[in-house]
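Structure, as structure tokens:
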2 protein chains.
Amino acid sequence: MISQTAEYALRAVACLATYPKTSLTAPRIASITKVPASYLSKVLQALGKARLVKSQRGLHGGFLLARPADKISLLDVIDAVDPIRPITQCPLDLETHGKNLCPLHDRLNDAIMLIQKAYRNATVGELVSQTGKSKPLCDMPDRKKIS
Amino acid sequence: MISQTAEYALRAVACLATYPKTSLTAPRIASITKVPASYLSKVLQALGKARLVKSQRGLHGGFLLARPADKISLLDVIDAVDPIRPITQCPLDLETHGKNLCPLHDRLNDAIMLIQKAYRNATVGELVSQTGKSKPLCDMPDRKKIS
DNA sequence: GGATAAATGGATATTTATATCTACTTTTTA
DNA sequence: TAAAAAGTAGATATAAATATCCATTTATCC
């Protein structure tokens, strides 16, 4: 339902949210989230351009969330790397129904908007806050072990 | 949100539903739905294996829906070519959380199930029945023009 | 039965997404 | 200010999805 790239982006952001205010290097994030390191750099750059993460070069540099985790929705992250776009016109682009979507694409678009809404209403903060019966987030090491 | 292949499959089925009981050849369906003809044959074969369409070889052969359009859900069609699968285990496959999904994949899975439900509750029949404000289905020719 | 029309199946080509590698620039700190 | 750590960017490789081609089989009509 989401691309591999989007999945990686979400893992990375979840990882950063787990260690807030802690600058993590790309290789560090890669090893924690089990994402190919060289690919992750690209993903992190995309997240940077979307202003979701801040990067710091040089010794002791790394990545940080650009704003609190509960102000970042899953949709923000997904859209940064692989946008979910509503269907705005029939892909068969026929003159006869101009701007209108045919019933088929209307339904498909409904589904897309449903998904958008679901991702928009879920924040990265929720993922790491572990309320109630939530399970451990992808086996990350404890904060104390990392810093 | 769905693959190109799934989109093609839906167009083909919608097309067949528009001309019920009429055997349409693959090239005919291709031209109506604007799907590459040689690719569509493969898609139609997949639909055949899933028992959604029946095929007839030879002169005056072609394809037909295997059952009434209102007994075919969009999910049936999508699953025939490109199944939507719930997440059953964390893709990082870590021992620590066994069968449990972490909060991230829990959310992603919620979205997948939401989509499944939406597609399961929409039938191909609905698409072509044009109730109320529905718009023309992808500019198909009138029935009288085709047979 | 022969000619024609149509689906089927296999091999192959093309495109896109995913992943890797390497050289380069920036920043920190000793 | 030099060395090391880290992000940046571009070129390239690999894998997967999409698309095409062609030979074969099946059915229908005359």
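Labels below follow one simple rule: chain letters A, B, ... track the order of the sequence lines, proteins then strands, and each chain is numbered from 1.
Proximity note for B:T25 (side chain, C-beta onward) versus C:dT18, D:dA19, C:dA7: the nearest is C:dA7. With distances taken from any side-chain atom of A:P27 to the nucleotides C:dT20, D:dG7, C:dA7, the minimum falls on D:dG7. Nearest to the side chain of A:A26, among C:dT20, C:dT18, D:dG7, sits D:dG7.
Applying the 3.5 Å distance criterion, the base of C:dG10 shares a donor-acceptor pair with the side chain of B:K42.
Rounded to whole Å, atom C1' of D:dT20 lies 16 Å from atom CG of B:L44. Atom CD1 in B:I29 sits about 12 Å away from atom P in C:dA6, given to the nearest Å. Summarising the geometry, the separation between CD1 on A:I2 and C1' on C:dT18 is reported as 15 Å, rounded to the nearest angstrom. In this structure, CD of A:Q4 is placed 11 Å from C1' of C:dA19, rounded to the nearest angstrom. In this entry the distance linking NZ of A:K54 with P of C:dT26 reads 21 Å, nearest Å. Rounded to whole angstrom, the span from the CG atom of B:L47 across to the P atom of C:dT8 amounts to 11 Å. Regarding A:Y39, its OH atom lies at a distance of 12 Å from the C1' atom of D:dA15, rounded to whole Å. One interatomic measurement links the two molecules: CD1 of A:I78 to P of C:dA17, which rounds to 16 Å at whole-angstrom precision.
For DNA chain D, the residues of residues 55-65 of chain B within the heavy-atom distance limit of 4.0 Å (strictly under) are B:Q56, B:R57, B:G58, B:L59, B:H60, sorted by number.
Applying the 4.0 Å criterion to OP1 and OP2 of D:dA19, one finds that B:Y8 has a side-chain N or O inside that range. Regarding contacts with the backbone of D:dT18, a side-chain N or O of B:T5 is found under 4.0 angstrom from either OP1 or OP2.
Using a 4.0 Å cut-off between a side-chain N of Lys or Arg and a carboxylate O of Asp or Glu, B:R51 and B:D76 do not qualify as a salt bridge.
Nucleic acid contact for B:A37: none, since no nucleic acid atom lies under 4.0 Å from a heavy atom of the residue. Residue contacts for B:Q45: at a heavy-atom cut-off of 4.0 Å it reaches a base atom on one of the strands shown.
In the hydrophobic cluster analysis, where Ile, Leu, Val, Met, Phe, Trp and Tyr join through side-chain heavy atoms closer than 4.5 angstrom, A:I115 is grouped together with B:I84. The cluster map of Ile, Leu, Val, Met, Phe, Trp and Tyr, joined by side-chain heavy atoms under 4.5 Å apart, puts A:L64 and A:V128 in different clusters.
With a 4.5 Å cut-off on side-chain heavy atoms, A:I29 and A:V35 do not count as touching. Side-chain contact between A:Y8 and A:P36: present, with at least one pair of heavy atoms (C-beta onward) separated by less than 4.5 Å.
Side-chain contact annotation: A:H105 with A:Q89, donor-acceptor N/O pair under 3.5 Å absent. A donor-acceptor contact closer than 3.5 angstrom is absent between the side chains of B:D82 and B:T5.
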